[in-house]
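Scroll down for the structure; my scribbles are underneath it.
As the structure lists them, so they are numbered: ligands from 1, and atoms in each ligand from 1.
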Amino acid sequence: MTFKLTELPYDLDALEPHVSARTLEFHYGKHHKGYVDKLNQNAAGTPYEDMALEEAIKESHKNDDTPVYNNASQAWNHTFFWDSMRPGVASRPGGSLSDMIDSQFGGLDAFRKQFKESAVGNFGSGWTWLVADEDTLAIVSTSNADSPLTTPTAPLITLDVWEHAYYLDYQNSRDKFVDAFLENLINWDFAEDNLEAYKTRRQLNV
Ligand code: MN3
């Protein structure tokens with residue numbers, strides 16, 4: 001097995017009551033694992049099996065190798081999504097990220113409103129992201145397996161809005177799941193770390 005299923009960074013019941021253990025059991029144990037398994041099947045015997053996951057995403061996207069791309073991107077997106085959430089008391093953005101949210105969106109509540117509009121309005125299956133784009137932030141929604149990795153922007157956090165992410169807990173009420181994510185689950189430390197790493201990469205021009 002070339003590509004490994006990353007470990008969930010918390011227990012299955014750690015995000016309750018916002019995300020149930022049953023949802024994570026299926027979402028991580030069946031869906032995420034399924035993408036990794038299918039990626040390994042599709043990459044077997046191809047140059048992709050010797051690549052790091054991010055490289056496999058970028059190369060398969062460039063080469064229109066759709067089955068490898070879809071499964072590689074979904075494998076990466078889910079790991080990034082688990083890290084975008086954290087159990088316990090809701091966190092708040094700090095440091096320069098907090099300043100950027102204030103100056104660009106007009107504060108945390110206004111950011112939440114815009115993110116929610118994008119996530120609820122993301123038609124069908126997909127992901128909604130906060131990204132860094134040069135000196136600015138942006139909220140971006142992508143469809144199916146797509147992510148900002150194939151663009152020059154850098155993802156800071158993501159929310160999975162595929163129905164499998166919320167149906168057991170919220171049925172068709174995606175808006176309630178989005179609220180729970182925005183108000184209780186976002187791991188702002190992870191977002192700040194990603195912003196700092198992006199700034200460093202830009203300074204080093206890599
Ligand atoms: Mn999912």
**Q.** Nearest heavy atoms of Val68 and Ala43, plus distance in Å
**A.** CG2-N, 4.4 Å

Tabulate below the donor-acceptor pairs under 3.5 Å that side-chain atoms of residues 181-190 make, not counting sequence neighbours, or state none.
from: Asn187; atom 1: OD1; to: Asp189; atom 2: N; distance (Å): 3.2
from: Asn187; atom 1: OD1; to: Phe190; atom 2: N; distance (Å): 3.2
from: Asn187; atom 1: ND2; to: Asp83; atom 2: O; distance (Å): 3.3

Q: Anything protein N/O/S under 2.8 Å from the Mn ion (ligand 1)? Just list residue and atom, please.
A: His27 NE2, His78 NE2, Asp160 OD2, His164 NE2

Q.
Walk me through whether Ser98 and Glu192 qualify under side-chain contact (heavy atoms from CB on, under 4.5 Å).
A. CA-CA 9 Å; Ser98 174; Glu192 275 182 65; over 6 Å; no

Q.
Quick check on side chain to side chain donor-acceptor pair (under 3.5 Å): which of Asp64, Asn42, Asp146, Thr150 does Tyr69 satisfy it with?
A. Asp146

Q. Between NE2 of His78 and CH2 of Trp162, what distance do you get to the nearest 0.5 Å?
A. 7.5 Å

(Q) Please verify the inter-ring angle class for His32 with Trp82; under 30° counts as parallel, over 60° as perpendicular, anything in between as tilted. (A) tilted

